[in-house]
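Beneath this line is the structure, given in structure tokens, with notes to follow.
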There are 2 protein chains.
Amino acid sequence: MNEMRSTTPLIDAEAARRYAAWFRALADPTRVRLLHLLAMEGRPMAVGEIVERAGVGQSTVSHHLKILAEVRFVLAERQGTSTRYEVNRTCLAVFPAAVRTILGEAPAGEGSDGGR
Amino acid sequence: MNEMRSTTPLIDAEAARRYAAWFRALADPTRVRLLHLLAMEGRPMAVGEIVERAGVGQSTVSHHLKILAEVRFVLAERQGTSTRYEVNRTCLAVFPAAVRTILGEAPAGEGSDGGR
DNA sequence: ATCGACCATCGACGATAATCGATGAAAGGC
DNA sequence: GCCTTTCATCGATTATCGTCGATGGTCGAT
């Protein structure tokens, strides 16, 4: 019982959920800082190394890295007993495109998904 | 008890919270749809008019409009007994700038705040 | 002054999310 | 084999969020 009455061509519910999910991935200060740390280092970093600088517990860091990885804002690579995370700049390009679509300035459609 | 150990020049906690707040404003499908509706109409709309097309209750719409207004993504204007909301495209320009700053590609500093 | 239309706010509820400590699982070194 | 290191996952706790119905406040008209 929850559809837009929609005489006008509006974003459908699924697209709205997809866009919201992207924004939600960066809707937490800890994740913003983790992403920025990885970007500034510019190299794959081990989780323990990240934890040393994050100011939050190891399980918390792991949790947030997982969320960032699910939307491909970071990439994970196992290396022996360690896991290296690095920033994935390509996928972060979705934001300008998403904003343009929401504002109706985009050619609609999927937009640059960044190679998901 | 929660600071980055920060030998490297990282985003400070306050900046991270500010960026996260911007992303959080669009981290909900209903807000994405409301913003898109306002953008497609391209004119100030009364709340009742928005409610007719939003598929959620009046108080819910009012709640979300308030959140969008707090970050200036929409602007409110009382007109008699009614309140008109319209999209504020200028402030939505913060996203490309925010992403560049988080990725360390920005000229640092405040970035285009959009005239807040 | 009263009424009606319009919208914001309140209170409550369920759902989701952030954080932590503890436990578990995989890989390497002994 | 066993122990250590490294990380992911689990369980619990607390806080935040989305939604609703109901109430309250403001303005215009009668």
Side-chain angles (χ1 to χ4, degrees), chain A residues 1-4 13 16-35 37-38 43-71 73-86, chain B residues 1-4 13 16-38 44-71 73-86:
Chain A
M1 68 174 86
N2 259 354
E3 293 306 308
M4 291 246 188
R17 266 188 279 110
R18 195 173 64 246
Y19 289 134
W22 284 332
F23 286 101
R24 201 179 314 114
L26 293 190
D28 179 87
T30 301
R31 286 195 289 274
V32 168
R33 299 185 79 186
L34 291 181
L35 198 61
L37 170 61
L38 289 172
R43 63 182 171 92
M45 292 180 76
V47 176
E49 200 175 1
I50 299 172
V51 170
E52 285 180 355
R53 298 216 235 157
V56 291
Q58 178 265 319
S59 62
T60 302
V61 168
S62 192
H63 170 68
H64 285 304
L65 287 174
K66 180 179 182 174
I67 290 178
L68 289 173
E70 278 170 351
V71 289
F73 290 169
V74 300
L75 299 176
E77 180 198 6
R78 308 193 121 82
Q79 194 132 357
T81 168
S82 156
T83 309
R84 313 296 197 80
Y85 284 89
E86 70 181 315
Chain B
M1 67 179 84
N2 260 353
E3 293 306 308
M4 292 244 188
R17 266 188 280 108
R18 195 173 63 246
Y19 289 132
W22 283 333
F23 286 100
R24 202 179 312 114
L26 293 190
D28 179 85
T30 300
R31 286 196 290 273
V32 168
R33 300 185 79 187
L34 291 181
L35 198 61
H36 184 243
L37 171 61
L38 289 172
M45 292 180 74
V47 175
E49 199 174 2
I50 299 172
V51 170
E52 286 180 355
R53 299 214 234 160
V56 291
Q58 179 265 318
S59 61
T60 302
V61 168
S62 192
H63 170 67
H64 286 304
L65 287 173
K66 180 178 183 175
I67 291 177
L68 289 173
E70 278 169 352
V71 290
F73 290 170
V74 300
L75 299 175
E77 181 198 6
R78 308 192 121 83
Q79 193 131 0
T81 168
S82 158
T83 308
R84 313 296 195 82
Y85 285 88
E86 70 181 313

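Just so it is clear, the values below take in all heavy atoms, side chains as well, and ignore hydrogens, waters and symmetry mates. Residue numbers begin at 1 in each chain, while the letters A, B, ... track the order of the sequences.
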### Task
Look at the side-chain N and O atoms of A:Thr81 and state whether any lies under 4.0 Å from the OP1 or OP2 oxygen of C:dA26.
no
### Query
Closer than 4.0 Å, any side-chain N/O of A:Arg31 to the OP1 or OP2 of C:dA18?
yes
### Message
Can you tell me which nucleotide in C:dA8, C:dA18, D:dG21 comes closest to the side chain of B:Val47?
### Response
C:dA8
### Query
Is a side-chain N or O of B:Arg31 found less than 3.5 angstrom from the main chain of A:Ala20, in a donor-acceptor match?
no
### Nearest-Å distance for atom pair CD1/C1', residues A:Ile50 and D:dA8
14 Å
#### Entry: Note, A:Leu26 side chain near B:Tyr19 side chain (heavy atom, < 4.5 Å)
no
### Task
Return the minimal non-hydrogen interatomic distance between B:Pro29 and A:Arg24, and the atom names on each side.
CD-NH2, 4.5 Å
### Summary
Per nearest nucleotide of DNA chain D, the residue lying toward the 5' end, B:Gln58 or B:His64, is B:His64
### Task
Quickly work out the A:Gln79 CD to C:dG28 P distance and round it to whole Å.
10 Å
#### Entry: Any A:Ser82 side-chain nitrogen or oxygen under 4.0 Å from OP1 or OP2 of D:dC7
yes
### Summary
In whole angstroms, the gap separating C1' of D:dA15 from CZ of B:Arg17 amounts to 16 Å
### Query
Whole-Å distance between D:dA8 P and A:Leu68 CG?
12 Å
### Query
Does a nitrogen or oxygen in the side chain of A:Tyr85 sit under 4.0 Å from OP1 or OP2 of D:dT6?
no
#### Entry: Partner of A:Lys66 under side chain to side chain contact (heavy atoms under 4.5 Å, CB included), chosen from A:His63, A:Glu70, A:His64
A:Glu70
### Query
Between C:dA8 atom P and B:Glu77 atom CD, what is the distance in whole Å?
13 Å
### Query
Out of C:dA8, D:dT19, D:dT9, which has the shortest distance to the side chain of A:Lys66?
D:dT9
### Query
Taking atom P of C:dA5 as reference, at what distance in whole Å does atom CD of B:Glu49 sit?
18 Å
### From C:dA8, C:dA22, D:dC7, nucleotide with atom closest to B:Thr83 side chain
C:dA8
#### Entry: Atom-to-atom span, CD1 of A:Ile67 to P of C:dA17 - whole angstrom
8 Å
### Message
Taking the minimum atom-to-atom distance to the side chain of B:His63, which one of D:dG18, C:dA8, C:dG21 wins?
### Response
D:dG18
### Query
How close or far is atom C1' of D:dC17 from atom CG of A:Asp28, stated in whole angstroms?
14 Å
### Message
How close do A:Val56 and A:Val51 get, counting heavy atoms only, and between which atoms?
### Response
O-CG1, 4.0 Å
### Query
If you look at every strand shown and take non-hydrogen atoms under 4.0 Å, does A:Arg24 touch a base, only sugar-phosphate, or nothing?
sugar-phosphate
### Nucleotide nearest B:Arg78 (side chain, heavy atoms from C-beta), chosen from D:dA8, D:dT19, C:dA8
C:dA8
### Contact under 4.0 Å: B:Ser59 side-chain N or O vs D:dA22 OP1/OP2
no
### Task
Measure from the side-chain N and O atoms of A:Arg84 to the backbone N and O of A:Arg43, and report whether any donor-acceptor pair falls under 3.5 Å.
no
### Sugar-phosphate only, base, or nothing, as touched by A:Ser62 at under 4.0 Å among non-hydrogen atoms
base
